[in-house]
**Student:** 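The structure is given below, and queries will be raised subsequently.
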Amino acid sequence: MKLSLVLLGLADLAAVWADPTWPSQIDELEEIMFQQTSFRARRFSGSVSPCSSEASGPGRQNAAEWLRTAFHDMSTANTFFGTGGLDGSLQYELGNSENLGPGLRTTLQFMVPFFSRRSSLSDLIALGVYTSVRSCGGPIVPIRAGRIDATRAGAVGVPQPQNSVFTFQQQFERLGFSTVEMIQVTACGHTIGGVHTAQFPDILPAANADANGQRSLDSSVAVFDNRVVTEYLTSNTTNPLVVGPSVRINRHSDFKVFNSDRNVTMNALADPTAFRNACRAVLQKMVDVVPPNVALTEPIAPYMVKPVNLQLALMNGGSTLQFTGFIRVRTTEVPREMILNVVITYKNRDGGSTCGSAPCTITTTVQGVSQGFDDTFAFYPILYNIPAATGISSFIVTINHVDGTSETYDNNGNEYPMSDAVFLQPLQSCILGSTGVLRVTAAVRNDRISQGARAFISFKVPQTNSPVPLLGNATITMEQGNCAGRYTFFSANYTITGGMAYESNFDVINGDRMDAFKSVSLLGGTCRAFANPIACVPVGPSTSLTTSTRSSSISSSSGSSSSSTTSTTASTTPSSTIPSSTIPSSTTLSSTTPSSTTLSSTTPSSTTPSAPVASPYHRSRMGDYQLISCWTEGEGVRALNARSYAADNMTLEACMGYCAGYTYWGTEYSRECYCGNTLVASSDEAPMEDCSMLCAGDGSQYCGGGSRLELYSLVGTQTRTSSPTPRPTPSHRAEIGRYDLVGCWSEGVGSRALAAKHTASSDMTNDMCAEFCDEYKYFGTEYGSECYCGNSLHSSSASAPQAECRMRCSGDGSQFCGAGDRLELYMDPDLVVREPEQPAAAGDFVALGCQTEVQGRALRGPSLADDGMTNEMCAEFCAEFEYFGTEYGRECYCGDSLPETSTEAPAADCRMLCAGSRTEFCGGPDRLSTYIKQQAMMV
């Protein structure tokens, strides 16, 4: 890469290079890097923004700790021999005296939820440099991806305060840095942060420190500026690495480095612009020191247009593919107010532009906005039903502006790929969080079922010698299940161990096709049944359809599905029980059995209107029927399921005649007609503008929309049922019993916002959830039917606009029960939750303190891991031994002695809640909450 490009900001890089070809290896890191706040925020900057944040403890400036973490991980490299570099080996070196203090550990712990097979720890550490520097107002440090994590500790060699100038120069030369760059990277790294008495009492005696036991390196500790330089040059500095006790004991390392070329470099850095430019270049060089086997990408720049969270799902009994997700548009230079809409033009399964009766276009308007440090983004939602018969293979994106201009993005000439060969069925998949049992269900197209299906699961396994887990994986064969239309379901169960099931992800794979990198955290707690599967479409030249009555219900408790099968040939004539009516000649009728509804049509009419079409409008009355409203389809079932047909010359009159005698009829998707005497309970009123598709046979009429019925009811007829009354407008209830509404709240990043316990029910209401969570301070409902409880909120959870919690409760349509990834959050303001503590005693044992683990275990007797772990449980398990210790929340170890190599650790290191109690601590990563028998204490 040319040096001139290194000096460009990321906004400049976006203009220099086109978007990567999507999907790309940088996609996950790109979102973590740029989607910082608001809609779909990843919140990677949460603990370092603002720059003054001390989220890990008083006096601990997280932004400075993040910079220090990157330097300590990189600075043991040897570029002469091609070893080390920024490789994540620091996680195994925290016990080394070169890496004092809790800041390095807490930095790594914060990054754990973002760690995955697509975002290595070392790439996250590098990204932490960009994030912390920008949070403090510093320059944009270009970040490249592709680092590979080490699996063991590296060499020693982090520069230490007592080193001589000559040693410093040798060490930085080993890293590939000149003397000038050594001075620059030290000044740039020390413009924020300070020295702590706890780690360096000889450099900073307690009498010289502030109330938090530290002293800043310059007078603007929370601003990335060059005061560390100018105050040094004017002898106006209080930097304890330049002046004070460190001089007497030869530990004034900043002075030794800064003065190593007689202040020539420092004088150059006195210019603010020169300082920013130097810091941008030298900090990029620092994070780009990697082992020789690592091939880094180009610097990560934000996409101009990026598909996000795309998902297909088989719906409506198998007749449609629900296409969901977002098109994210960068609005940094072109504000979203100047964008009229975004149009997605897709190709069918065979690469053609025929998509059944519907156009191959999806028009969408903005739903939410997101911000980074330098960029803004607008999200355009996708919610569209694609006929399963035609499918999808790729798409392009057109941005239409309010001034009439437009731009088309075609993924660098490749179009954005979208395979319908195999995909996850989110509603038929679930995770039982407390047990780690994952149920994965995928839909495989019938012409590919001979290739079977498998799931690749990536999960995190705790390490005893690191606060960062290892990545484990498993490939499991999925079992073939029921068929629905053109797809067959494949399912598998897998138990994710290690206590971090929600931070796992998985792929579903069929031959050479896959639906990849699906987050377990987005799955619900209950697997839903696939309702009313339509007739299976066999593979081969025959086009005859069969109706299958196989049950595709998936039980979240047993993980089993029915396999009994009965098939019948679909009827092609109306049932004799249906009143006779005129049937349009261009249609083939479906069976009247609700679970086997099938739509098909013959050659469409070629007639054209002889006169201009009048402006369309909604007909308030048609014959003996009156318009009710625009109405949704049911959840997984048809709203009207007695009878249906489809035709390319559909009109309201034709549908009314076909449904004569029924209480309700409705048109949908321009060319479909449905009849019934009742509406399913899960159908609901929708905004009238949702029914805006013109009738295929009359451009002056509206015939519903995608998954929306233009619904009519028989006037004055009480033969079967009365006309439906729209459900009351739902509201956000200010109080539920003793709980007050907090608002709409986002889920946690990689973890549930409320993690104590949860349930799900098709009858869910906020009252039901409040009763279920009666012993907790908080409860929240989500996704219409899920309920979560807790005494505290995960730190990555945050307030969201109330309008984002707009999903009706499954058991009461007058209440809102959150939404996808959104909690309708309530709190009991009067409930005082006991703060977690380390019990002073457990059984016959008394607390000894927090101890470090050692190679081969500090306590080498029996051990136990349990999701109900408490210190009392461990005390009972280890009753025959002199010591016990709890670790990592759910682990228990026994022993008769503690080795000398196990040393006392800060109490703050043992602050992981017990898996079986929210009020007590059970150690931490690589840290034991240690107890000793009382009689042993008295000896």
Side-chain angles (χ1 to χ4, degrees), residues 316 320 340-341 356-359 361-365 383-385 581-582 584 587 599 605 608-609 611-634 638-680 682-717 721-730 806 808 813:
N316 298 322
T320 58
L340 178 64
N341 57 36
S357 62
T361 57
I362 305 167
T363 302
T364 177
T365 54
L383 178 58
Y384 193 76
N385 285 339
S581 60
T582 302
T587 67
L599 299 177
S605 170
T608 57
V613 177
S615 297
Y617 66 97
H618 297 281
R619 307 297 200 268
S620 61
R621 186 164 179 138
M622 295 291 298
D624 292 333
Y625 292 85
Q626 66 183 7
L627 176 67
I628 297 174
S629 181
C630 186
W631 218 258
T632 71
E633 279 291 0
R638 288 289 183 193
L640 300 172
N641 55 26
R643 196 182 189 208
S644 64
Y645 86 97
D648 289 324
N649 58 356
M650 180 62 67
T651 64
L652 295 173
E653 291 83 359
C655 187
M656 179 179 63
Y658 176 66
C659 295
Y662 284 96
T663 304
Y664 306 115
W665 59 268
T667 52
E668 182 174 323
Y669 226 118
S670 295
R671 63 185 298 275
E672 301 174 5
C673 172
Y674 297 89
C675 322
N677 288 322
T678 58
L679 280 163
V680 299
S682 57
S683 177
D684 196 7
E685 187 178 15
M688 204 66 217
E689 55 266 28
D690 285 7
C691 287
S692 57
M693 280 188 162
L694 301 179
C695 296
D698 185 348
S700 72
Q701 304 176 352
Y702 288 112
C703 279
S707 195
R708 294 292 186 271
L709 286 163
E710 187 96 348
L711 183 65
Y712 287 81
S713 169
L714 196 60
V715 176
T717 299
T721 61
S722 60
S723 297
T725 301
R727 283 192 274 178
T729 301
R806 302 288 289 180
R808 295 178 191 247

**Student:** Going by side-chain contact (heavy atoms from CB on, under 4.5 Å), name the residues that satisfy it together with Met656, two or more places apart in sequence or in a different chain.
**Tutor:** Met622, Tyr625, Trp665
**Student:** Please examine the side chains of Cys691 and Leu709, heavy atoms only from C-beta on, and report whether any two atoms are closer than 4.5 Å.
**Tutor:**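 No - every pair of side-chain heavy atoms lies 4.5 Å or more apart.
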**Student:** Residues two or more places apart in sequence or in another chain: which of them pass ring-ring contact (aromatic ring centres under 6.0 Å, His included) with Tyr702?
**Tutor:**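 Partners of Tyr702 by the ring-ring contact (aromatic ring centres under 6.0 Å, His included) criterion, ordered by chain and then number, come out as His618.
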**Student:** Can you name the closest pair of heavy atoms from Ala642 and Tyr662 and give their distance?
**Tutor:**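 Here Ala642 and Tyr662 meet closest at CB-CE2, 3.7 Å.
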**Student:** Is the distance between the SG atoms of Cys673 and Cys655 less than 2.5 Å?
**Tutor:**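 A disulfide, yes.
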**Student:** Return the set of residues passing side-chain contact (heavy atoms from CB on, under 4.5 Å) with Ser357 (not counting sequence neighbours), or none when no residue passes.
**Tutor:**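 Residues passing side-chain contact (heavy atoms from CB on, under 4.5 Å) with Ser357: Asp648, Arg671.
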**Student:** Distance from Glu633 atom CD to Tyr669 atom OH, nearest 0.5 Å?
**Tutor:**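 Glu633 atom CD to Tyr669 atom OH measures 12.0 Å (nearest 0.5 Å).
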**Student:** Taking C-beta and beyond as the side chain, do Met688 and Glu710 meet within less than 4.5 Å on heavy atoms?
**Tutor:** yes
**Student:** Between Leu640 and Leu679, is any pair of side-chain heavy atoms under 4.5 Å apart?
**Tutor:**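 A side-chain contact under 4.5 Å exists here.
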**Student:** Should Leu694 and Gln701 count as side-chain neighbours, where that means a heavy-atom distance under 4.5 Å?
**Tutor:**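 Contact flag for Leu694/Gln701 side chains = no.
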**Student:** Could you tell me the separation between the CG atom of Leu714 and the SG atom of Cys659, rounded to the nearest 0.5 Å?
**Tutor:**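 So the CG of Leu714 and the SG of Cys659 are separated by 11.5 Å.
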**Student:** So which heavy atom on Thr632 is nearest to which on Ala639, and how close?
**Tutor:** O-CB, 3.7 Å
**Student:** What verdict does the side chain to side chain contact (heavy atoms under 4.5 Å, CB included) test give for Leu627 and Arg619, after you've listed the backbone C-alpha separation in whole Å, the side-chain angles of each residue and the deciding distance to 0.1 Å?
**Tutor:** CA-CA 7 Å; Leu627 176 67; Arg619 307 297 200 268; over 6 Å; no
**Student:** Could you check whether any side-chain N or O of Ser670 sits under 3.5 Å from a backbone N or O of Ala696, counting only pairs where one atom can act as donor and the other as acceptor?
**Tutor:** no
**Student:** Please name all residues satisfying salt bridge (Lys or Arg N to Asp or Glu O under 4.0 Å) with Glu668, sequence neighbours left out, ordered by chain then number.
**Tutor:**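 Partners of Glu668 by the salt bridge (Lys or Arg N to Asp or Glu O under 4.0 Å) criterion, ordered by chain and then number, come out as Arg638.
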**Student:** Less than 4.5 Å apart, any side-chain heavy atom of Ile628 and any of Tyr664?
**Tutor:**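 Yes - at least one pair of side-chain heavy atoms lies under 4.5 Å apart.
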**Student:** Does the side chain to side chain contact (heavy atoms under 4.5 Å, CB included) test come out yes or no for Thr663 and Thr678, once each step is laid out?
**Tutor:** CA-CA 7 Å; Thr663 304; Thr678 58; over 6 Å; no
**Student:** Drop me the distance from Trp631's CH2 to Glu685's CD, to the nearest 0.5 angstrom.
**Tutor:**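 It is 5.0 Å, given to the nearest 0.5 Å.
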**Student:** Which residues satisfy the side-chain contact (heavy atoms from CB on, under 4.5 Å) test with Thr365, sequence neighbours excluded?
**Tutor:** Asn341
**Student:** Listed by chain and number, what are the side-chain contact (heavy atoms from CB on, under 4.5 Å) partners of Thr364, not counting sequence neighbours?
**Tutor:** Val342, Tyr380, Pro381
**Student:** If you define the side chain from C-beta out and look only at heavy atoms, does anything of Tyr674 sit under 4.5 Å from Arg643?
**Tutor:**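 Of all side-chain heavy-atom pairs linking Arg643 with Tyr674, none is under 4.5 Å.
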